[in-house]
Amino acid sequence: VGTMRVRLLNRYYKFRRLPNLGSNLGTCDDPDGRLKEINIQAGLPEKEELSVVIHEAMHRLWHLDENTVDVFSEDLATLLYRLGWRKTEK
């Protein structure tokens with residue numbers, strides 16, 4: 001659990017891992033909205049967390065349909081994981 005400031009396409013966002021997002025694995029604010037937050041369920045397995053982070057970042061940046069975001073985020077997470085990406089704690 002924690003908060004960090006992240007940059008996506010030269011805009012800054014508050015990124016948080018939260019212990020309870022209900023039935024959601026991640027949430028983000030409307031891309032055209034005032035708030036700039038991306039929230040991820042804490043404690044996800046690392047490949048799933050990678051996919052959810054990509055998924056929510058895509059929603060935050062672009063107006064894409066859910067199926068496109070689901071397929072691309074899972075495919076990119078799989079590619080990065082196969083290339084050796086692993087989560088490290090700071």
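Basis for what follows: all heavy atoms, side chains included, without hydrogens, waters or symmetry-related copies.
- Residues satisfying the side-chain contact (heavy atoms from CB on, under 4.5 Å) criterion with A77, sequence neighbours excluded, are L50, S51, I54.
- Applying the side-chain contact (heavy atoms from CB on, under 4.5 Å) criterion to L9, with sequence neighbours excluded, gives L61, W62.
- A salt bridge (Lys or Arg N to Asp or Glu O under 4.0 Å) check over residues 42-54, counting only residues at least two apart or in different chains, returns the pairs R17-E49, E46-R86, K47-E74, E49-K87.
- By the side-chain contact (heavy atoms from CB on, under 4.5 Å) test, L35 pairs with D29, sequence neighbours left out.
- L76 places a side-chain heavy atom less than 4.5 Å from the side chain of L79.
- Put simply, F72 and L83 are part of the same group of oily side chains (I, L, V, M, F, W, Y) that touch within less than 4.5 Å, one to the next.
- At a threshold of 4.5 Å between side-chain heavy atoms, the hydrophobic network of Ile, Leu, Val, Met, Phe, Trp and Tyr places I38 and Y12 in two separate groups.
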Donor-acceptor pairs are to be reported for all side-chain atoms of residues 19-28 against protein atoms at under 3.5 Å, with residues two or more places apart or in another chain.
from: N20; atom 1: OD1; to: G22; atom 2: N; distance (Å): 2.8
from: T27; atom 1: OG1; to: N39; atom 2: ND2; distance (Å): 3.4

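- With sequence neighbours left out, the side-chain contact (heavy atoms from CB on, under 4.5 Å) criterion links N10 to R7.
- Residues satisfying the side chain to side chain donor-acceptor pair (under 3.5 Å) test with N67, not counting sequence neighbours, are none.
- The distance from the CE atom of M58 to the NE2 atom of H55 is 8.5 Å, given to the nearest 0.5 Å.
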